[in-house]
Amino acid sequence: MSHETSTRLGASAYSEFLSRYGVVAAMAVGLIARVVLTTALVAWNNVPTHWDDASYAQYARAVVDTGRLATHHFPVGYPLFVALCLKIGGGSFAAVRAANVLLGVATIAIVSRIANLCYGRSAAVVAAWLTALYPPLVFMTSRVMSETLFITLLMLSLYWFLASTEDGRTRGSAIAGSLFALASLVRSNLLPMFPFIPLWQIWRAGSKLRTRLVAAIVCSVVTLTILALPGLYFLATKGEFIPLATNAGQTFYGANNPLADGGWVQVEDHQELLSSIPAEVRKSPQAYSKAQNRLAMQWIRENPSTFLRLLPKKFANAWIPGLQKSETTSKSKGASLLLLLSFGLVMLGAIVGRSRFRPMVRDGLLLAVPITYAVLSLIFYGNPRIGLFCAPVLIVYTSAWLASHLGWALGRR
């Protein structure tokens, strides 16, 4: 056998392996990467003591100890998830981090399936490897934060939405809507995207108008019912209907106040910004949130030119990682550079991929994710988390572009 023939057969076997087992191999590598990095960064059973990690840990332990939710400041989904992990793991936070690892591996498979729906098998393999090794997604596994669970639920809901356009079944739309609602119970900042979902379902092709209308109605009813559950719970336990999180007003005011610089200002640390809110108003989380929202709107009305000058800074903070001074990544030039490179490359790849290769299914909901976050970055404030939430969607589009150049290695003829 000639050297050329041997090389050709070896390349063919390699391509065949990637075509058949590329996604599974990516999931295995992603699993190892997440376990190794988590082990290197923290002790698996380490109890969080800083930032939102500590708050989630506190609220979850309260659920385990009392059987009741002790907070309405954060969306209830993640404290309940952490409480479930603690219950199963005998109070060990190793169970929470192990669950994060499994969620990360599941996300690899889900993003791959979405890429397969949109661009085919080769793109699915590329998307799996990009998701498996995308540094911010790997890093977040070690944190007791809602991002990992939220991304898994969001991408799973998007997969079901896309898949439902193929079979036209109402059941798929109901499952997708329930998953989107659960994701919103984990993080509520993508809720402004919800009104677009029934419009997309009605607009999509592939089935009769009546079928599309029924799917949109069923999806909306299921989603809204799940979203109302936390409010009903707090109505029953506290006598006040508190929808999802009550920190929207604080977040809005934290980005639009006399000290705002395009990033985040913790208004609770600047009581002079809150001096006009009476003590009795602060007793009600919902009233307190609304009061801060009004203060932000008042500041914008009184300082329109200053607000307009903040918009470019907010946008830059969201889409150019490392600019925001209040983010922990800015404390490490290495972390900022890695975040900038990884997200920047995926962003550029997504722009090229989406513009050059038309998806095989209507991708309006995929596009709605970065569009919604772009708008939110201007209304509230921009931070690297926005890039983290958008990365799986951008990876899908990037995979189309890379697959077109790597067809020889992926077994595509």
Side-chain angles (χ1 to χ4, degrees), residues 51-52 73 136 147 187-196 245-277 281-282 288-348 350-351 367-391 393-394:
W51 305 301
D52 287 351
H73 180 69
E147 280 80 349
R187 291 193 68 89
S188 58
N189 49 14
L190 204 59
L191 271 178
M193 173 179 153
F194 172 67
F196 178 75
T246 59
N247 59 351
Q250 176 182 334
T251 302
F252 184 47
Y253 190 37
N256 302 282
N257 60 70
L259 301 179
D261 63 354
W264 169 251
V265 175
Q266 177 56 267
V267 292
E268 293 290 343
D269 294 338
H270 300 275
Q271 285 299 308
E272 70 276 12
L273 299 176
L274 303 169
S275 59
S276 63
I277 301 179
V281 173
R282 301 188 186 204
Y288 191 29
S289 178
K290 290 181 178 179
Q292 293 188 60
N293 183 78
R294 288 192 294 269
L295 287 176
M297 292 301 298
Q298 178 183 343
W299 180 82
I300 292 173
R301 287 194 299 268
E302 294 175 352
N303 304 273
S305 59
T306 305
F307 171 72
L308 291 176
R309 285 196 295 271
L310 283 180
L311 298 184
K313 295 181 180 180
K314 292 181 179 183
F315 193 80
N317 281 333
W319 303 104
I320 306 177
L323 284 187
Q324 187 172 173
K325 296 179 181 179
S326 61
E327 290 295 322
T328 55
T329 50
S330 65
K331 298 178 181 179
S332 169
K333 292 183 179 180
S336 297
L337 180 60
L338 180 61
L339 191 59
L340 179 61
L341 288 175
S342 56
F343 183 66
L345 291 174
V346 168
M347 173 70 81
L348 291 175
I351 293 172
L367 293 172
V369 173
I371 290 173
T372 302
Y373 276 120
V375 174
L376 290 177
S377 71
L378 298 177
I379 297 174
F380 294 96
Y381 69 105
N383 65 22
R385 291 183 183 180
I386 289 178
L388 181 68
F389 301 143
C390 294
V393 172
L394 301 179

(message) Tell me the closest heavy-atom pair linking Trp299 and Asn256, and the distance in Å.
(response) CE3-C, 3.7 Å

(request) Hey, could you give me the CG/CG distance between Leu345 and Leu394, rounded to the nearest 0.5 Å? (result) 12.0 Å

(request) Kindly compute the distance separating CG (Leu190) from CZ (Phe389), expressed to the nearest 0.5 Å. (result) 9.0 Å

(request) Look up atom CZ in Phe315 and atom CD1 in Ile320, then write down how far apart they are to the nearest 0.5 Å. (result) 8.5 Å

(request) Measure the CZ-CG distance between Arg187 and Leu191 for me, rounded to the nearest 0.5 Å. (result) 11.5 Å

(message) Could you check whether any side-chain N or O of Ser289 sits under 3.5 Å from a backbone N or O of Gly249, counting only pairs where one atom can act as donor and the other as acceptor?
(response) yes

(message) Keeping Asn257 on the side-chain end and Ala260 on the backbone end, is there a donor-acceptor pair under 3.5 Å?
(response) yes

(request) Answer whether the closest heavy-atom distance between the side chains of Ser377 and Trp319 falls below 4.5 Å. (result) yes

(request) Decide, yes or no, whether a salt bridge links Asp52 with Arg385 under the criterion of side-chain N to carboxylate O below 4.0 Å. (result) yes

(request) Evaluate the side-chain proximity of Gln266 to Trp264: yes if any heavy-atom separation is below 4.5 Å, no if none is. (result) yes

(message) Would you compute the distance between atom CG of Asn317 and atom CD1 of Ile386 and round it to the nearest 0.5 angstrom?
(response) 9.5 Å

(message) When you compare the side chain of Leu273 with that of Leu295, does any pair of heavy atoms fall below 4.5 Å?
(response) no

(message) Has Lys314 got a side-chain atom pairing as donor or acceptor with Phe380's backbone, closer than 3.5 angstrom?
(response) yes

(message) Quick check on side-chain contact (heavy atoms from CB on, under 4.5 Å): which of Arg294, Gln292, Gln298, Met297 does Tyr253 satisfy it with?
(response) Gln292

(request) Could you tell me whether the side chain of Val369 reaches within less than 4.5 Å of the side chain of Tyr373, counting heavy atoms only? (result) yes

(request) Check whether any side-chain heavy atom of Val265 sits under 4.5 Å from a side-chain heavy atom of Tyr381, and report yes or no. (result) no

(request) Heavy atoms only: give me the nearest Ala291-Val281 pair and the separation to one decimal. (result) CB-CG1, 4.0 Å

(request) Indicate the atoms forming the closest heavy-atom contact of Thr372 with Pro192, along with that distance. (result) CG2-CB, 4.3 Å

(message) Looking at every non-hydrogen atom in both residues, tell me the closest pair between Ile277 and Arg282 and how far apart they are.
(response) O-NE, 3.4 Å

(request) State, yes or no, whether a side-chain contact exists between Glu268 and Leu274 at a heavy-atom distance under 4.5 Å. (result) yes

(message) So, taking the atom named CD1 in Ile379 and the one named OG1 in Thr251, what distance separates them when rounded to the nearest 0.5 Å?
(response) 12.5 Å

(message) Show the nearest heavy-atom pair for residues Gly254 and Val267, with the distance to one decimal.
(response) CA-CG1, 3.8 Å

